[in-house]
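Structure record follows, encoded as C-alpha cells.
Positions are given from 1, in the same order as the sequence printed here. In listed order, ligands and their atoms are each counted from 1.
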Amino acid sequence: MSRQKIQIILVLASLALVALLSAQLVWLTKAYSVEEKAFNHRVQVALTSVSDQLLTGLGRAEAKPIQQIASNYYLAELNAPVDPSQVEHLLEQELGKRNLHEAYEFGVYNSLDDTLMFGKYVPATHRQLAEKGDAILKHEQTGTPLLYNVAVVFPGKTAVILGEMEFWWYSTGALLLVVLFFAYTMFQILREKRLTELKTDFINNLTHELQTPITNIGLASEVLRKRPETLSPERLTRYHDLIYSENERLRAQVERVLQMATMESGELALKKEPVDVHALLQQTSQNVAPRLQQRSGHLRLDLQATRSLVHADSLHVANALYSLLDNAEKYSTQAPAIEIQTRDVEQGLLISIRDHGIGIKQEFQKFLFDKFYRVPTGNVHNVKGFGLGLSYVKAIMDAHHGQVTVESAEQGGTRFTLVLPV
Ligand SMILES: Nc1ncnc2c1ncn2[C@@H]1O[C@H](COP(=O)(O)OP(=O)(O)OP(=O)(O)O)[C@@H](O)[C@H]1O
Ligand SMILES: [Mg+2]
C-alpha cells in the first residue's frame, strides 16, 4: 500500500469514528435529559401530593405548584404552620410510592425570612427501618404557629440518573473499545510501513555497497587476466592488493548482514567470560587509529574506573565499541576528536564515547537504535552505512543487561553512554 493510500484510509476512518463518537455523545446527553425529566416529574408529583395532604389537613386550599430552584433542589411553597415530623412522614411515604429511594435532605423554612427551622438528612433505601438520620432543630415551636415552606434536595441526583443509564455505558464502552482497537491497528500498520521503507532503503544501500568492491575486483582481475606480461611487478602487486582488500571489505560487509540476521532469529550465542573493558577499549581505539590519523583527528582515553572487569562476550562487546567509534569518526565533518571515558557508577561500569561531529537532532534520537535506521539527510548520503551499527550495540547491551543512552545536539557533537554491570 502506498503512503498516500494509507493516509487517506486513516483520515476517512478517523472521520467516521469521530462522527460515531459525536453521535454517541448526542444520544448520551439526550438520554440523560430524558432520565432527568422523569426524575423531576416523579419528585414533583410526590411533593405535590405531600403538600396537598398537609394543606388539606389544615383545611386549606390546594398548594402552589412545586418550584425547582436548582437541578436537585425542589421547593414547596406552603405558607402554612406544618409539623416537621408530619412532613417527614409524608415525604417518606410519597417518595417511597414513586420508587425514589435515594438519599435526600429536607428542610422546613420560615416563609417570611427563609430561616431554617428544621432540617434532616435521610439516607438512601430501606428508609422505613432506617436510622433516624441527623436532624437539626433550630427553633422550638412556641406561641403562635409560624408559616413554613418545605424544601427537598437530592444530593446524589446526577449519580442516580447516570446509574440508571446502564445500557448507555455498555454501548459507549463498546464504542471506545472499537476506537482503541482501531488506533492500535493503525499504529501497527504505520510501524510496518516504516519498517518496510527502512528495509527498502537498506537493500538499495546494500546493493550499492556490494557493487563497488565487486566492480573494483572485476576491473583488476580483468587487467590481470588479459595482459599480465605487460605489467610491471609493482602494478601487479597493486592489483593483487586491490583484489585482496576489496575482497576483505566484501567479506566484512556480508559478515555484518549475516550477524544481524542471526540476531534477528534470536540465535545470538554469547560466550561470556571475564573481560577487561579497559584493555578492550585500548585495542579498539588502535583499530580506528589509522583512519583518525588519515583525517588528522585524535582520540583521548580517560580511563578512571577502578573496576573494569565485566562478565561479557569480548568479541561482541568489542564490535559494539568499534561501531560507536566508527560512528564518531564517520559523522565528524572536521578532523574527528573523540574522547573515551570510563567511570565507576552504582550499576557498574560507565563508558562514555564523545565526539564533536555533526550531532543528531532531538526528534531523530528516539529512532537511532532501530534496525536499518539512518538519520534522513535528504538524498545525499555521503557517509556510507547500513543503519545496523547502533541496533547491534543496543542488542549487545541488552544481552549483557546493560544500557545505552545518547545525548546529542545538532552540530554539537554526540555522546553515547554505556553502562555494564561489573
Ligand atoms: N556519533 C554520531 N554522530 C552523529 N550521528 C550519528 C552518530 N552515530 C550515529 N549517528 C546517526 O545514527 C544513524 C544510525 O547509526 P548506525 O551506526 O546504526 O548506522 P550507520 O552508521 O548509518 O550504518 P552502519 O553502522 O550499519 O554502518 C546514522 O545513520 C547516523 O545518522
Ligand atoms: Mg554506524
Applying side-chain contact (heavy atoms from CB on, under 4.5 Å), name anything that partners Ile358, two or more places apart in sequence or on another chain. Tyr331, Thr333
Could you check whether Arg291 pairs with Asp326 (Lys NZ or Arg NE/NH1/NH2 to Asp/Glu carboxylate O, under 4.0 Å)? yes
Does a side-chain N-to-carboxylate-O contact under 4.0 Å join Glu36 and Lys157? yes
Salt-bridge criterion met for Asp355 and Arg415 (N-O under 4.0 Å): no
Are any of the side-chain nitrogens in Arg295 or Glu329 under 4.0 Å away from the carboxylate oxygens of its partner? yes
Using heavy atoms and a cut-off under 4.0 Å, could you grab the residues that are in contact with ligand 1, chain by chain, numbers ascending? Arg256, Asn327, Lys330, Tyr331, Asp355, Ile358, Gly359, Ile360, Leu368, Tyr373, Arg374, Val375, Gly385, Phe386, Gly387, Leu388, Gly389, Leu390, Thr414, Phe416
A correct count of protein N/O/S atoms found below 2.8 Å of the Mg ion (ligand 2) gives 1
Output side-chain donor-acceptor pairs under 3.5 Å for residues 171-179, partner residues at least two apart or in another chain, one line each.
from: Ser171; atom 1: OG; to: Gln24; atom 2: NE2; distance (Å): 3.1
from: Ser171; atom 1: OG; to: Trp168; atom 2: O; distance (Å): 3.1
from: Thr172; atom 1: OG1; to: Gln24; atom 2: NE2; distance (Å): 2.8
from: Thr172; atom 1: OG1; to: Trp168; atom 2: O; distance (Å): 2.6

Donor + acceptor pair across side chains of Asn72, Tyr104 (<3.5 Å): no
Check the angle between the aromatic planes of Phe118 and Phe106 and answer parallel, tilted or perpendicular using the 30° and 60° thresholds. tilted
Is it true that Asn149 and Glu77 share a donor-acceptor pair across their side chains at a distance under 3.5 Å? no
